[in-house]
Amino acid sequence: MVTVKVEKAKIDQKQTSLLAIGLFEGDLDFTQSKELDPTVFASIKETLENKEFRGTFGSSILIYTLGKGPMKKIMLVGLGKRDKFTDEGARLCAGKAAQKAKELGVKEFSILQFSTLDEGLVEAMVEGVILALYCFDRYKESKESPAKVEEVTILINSDSPKFQSVADKAALVVDTVNFARDIGNLPPNDCPPAQMSSLALSLAQEYGMKARVIDRYEMENMGMAGIVAVGKGSNNPPKLIILEYSGISDPAQKPYLLVGKAVTFDTGGISIKPGEKMDEMKFDKCGGCTVLAVMRAVASMKLAVNVVGIIPSVENMPSSTSYRPGDIIRMYNGKTVEVLNTDAEGRMILADALAYGIATYSPKAVIDIATLTGAAIIALGANVAALVGTNKQLTDRLRKLAEKTGEKMWELPLYDEFYEQIKSTFADIKNIGGRPGGAITAAAFLSNFVNGLPWVHIDIAGVAWTQDGTHEKSYNPKGATGFGVRTLVKLLMEEEKQPN
Ligand code: BES
Ligand code: ZN
Ligand code: ZN
């Protein structure tokens, strides 16, 4: 794991193998340039005058200092136009610097603060660095880059200790994003539902949370027929994972309920998916991974909030014991569902988890996160998650936070008309609503199980991993992205400050 330090330093004194300096387009001056060795300064000046580097967003160039100065190399990083520079820009450019440093094989490097110092800038730069250095290589016998970056220093023009604590908190959160990525990236043979549950149990033990795993037979007895039905086709039995974090002992403080879909592999079941890209359905557990990671972050920060995380985990397989199209299932809350497509399994397991969580914990608000529909990708592409909910305040809060975190989210409307598409001839509702508005009819289905509570559903089908149509980001290496962790943690941190 990489450590990030924040230091007030003059750049002419910083012993480092690589110093990254961000420069704005059309504004290629940097305040601390005078502190550099004159020869190094002249070399940079020439690079700029020759227009080999223009400060274009995301560009970079290396300059060797040839022993003139305490740093071995300098990397100029283009920050784009100054008036367009945001925290997301800082995250991407810091990620870019880290990516290049990794390619160069350095064990340590430094970055000069990109723009005017504030907490948001430090947070974004730390996030960009740690997220970009993530690497899932535990299955590679020959490692691509044997030398790993171990230490990064952000050089700032203040010695206030608050910036180190901002950096530490940011590091803690993105380390949990990387934890979510680690589980998300696990191959389906090494991560059946039982593995999800043992990961959750060890997490709970490490961070002092209450944990419970409900197994298949208990679920049958309790009436969680949706989860049982989907899990029936696999030899790897389903698990319902429950984590409770209590940061306030006041019993009047109702918890937030987070529910995450963890289908460890989605073949589609009897309504089997085409073979192409089916391997990507190992990422169908990413909603559950996000919830696990959020619980870990909240517990390790000891936030003064109460949160319950529920993760229904199943493997959706075709076999002689699978649930079938035509089956009618009586769900945990008593509503009946006609199964018309076994590939719409996510909503079946979320429905039981939501209804159970609500009945058991009477939460103040409910958020579920799931790789639920291909239709969410059709609606919003592979870079924006869909928000659908019954509570404008909660949806707006998430959308606004998402603007800051760079985890883009956009709301789709849950109008009454959509409920007509999921009416069933033989049961209360059916589990598919046809192609039109598929991401919304899936949410309409779920809303049957939230008992009128404030609720938002986040469909991360397009953004949970890098896929066709993903816009490349320096801080998102290939594979699971850990999408949603940073935004949900921010929501709960905000809640801690101003409980309502
Ligand atoms: N896990 C998939 C959704 C998905 C598909 C996520 C592609 C990411 C990429 C989900 O279980 C599913 O198969 N949904 C079906 C629903 C349909 C049968 C109503 C879908 O989207 O096709
Ligand atoms: Zn499916
Ligand atoms: Zn699925």
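Computed from a predicted model, the values in this text were never measured in an experiment. Counting starts at 1 for both ligands and their atoms, in listed order. Along the sequence shown, the residues carry numbers beginning at 1.
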Q) What's within reach of the Zn ion (ligand 3), meaning protein N/O/S atoms under 2.8 Å? A) K261 NZ, D266 OD2, D284 OD2, E345 OE2
Q | Residues in the immediate environment of ligand 1 (any heavy atom closer than 4.0 angstrom) | A | K261, D266, K273, M281, D284, N341, D343, E345, R347, T371, L372, T373, G374, I377, I432, A461, W465
(Q) Please check if the number of heavy atoms outside K100 that lie under 6.0 Å from its NZ is greater than 12. (A) no
Q. Under 6.0 Å from the NZ atom of K273, do we count more than 12 heavy atoms belonging to anything else shown?
A. yes
Q.
Determine whether a donor-acceptor pair (N or O, by modelled atom type, separation under 3.5 Å) exists between the side chain of T267 and the backbone of I272.
A. no
Q | Pairs touching residues 349-379 that satisfy ring pair (Phe, Tyr, Trp, His ring centres under 6.0 Å), sequence neighbours left out | A | Y332-Y356
Q: Take D137 and K148 through the test salt bridge (Lys or Arg N to Asp or Glu O under 4.0 Å) and record every step on the way to the result.
A: CA-CA 12 Å; D137 59 3; K148 289 220 162 114; 3.2 Å; yes
Q: Kindly indicate, with the supporting measurements, whether the criterion side chain to side chain donor-acceptor pair (under 3.5 Å) is fulfilled by T373 and D459.
A: CA-CA 7 Å; T373 65; D459 194 331; 2.7 Å; yes
Q: In sequence, state the C-alpha distance, the side-chain angles, and the governing distance for T441 and Q421, and then conclude on side chain to side chain donor-acceptor pair (under 3.5 Å).
A: CA-CA 7 Å; T441 51; Q421 285 174 243; 4.9 Å; no
Q: Measure from the side-chain N and O atoms of T466 to the backbone N and O of G479, and report whether any donor-acceptor pair falls under 3.5 Å.
A: yes
Q | For D284, salt bridge (Lys or Arg N to Asp or Glu O under 4.0 Å) partners two or more places apart | A | K261
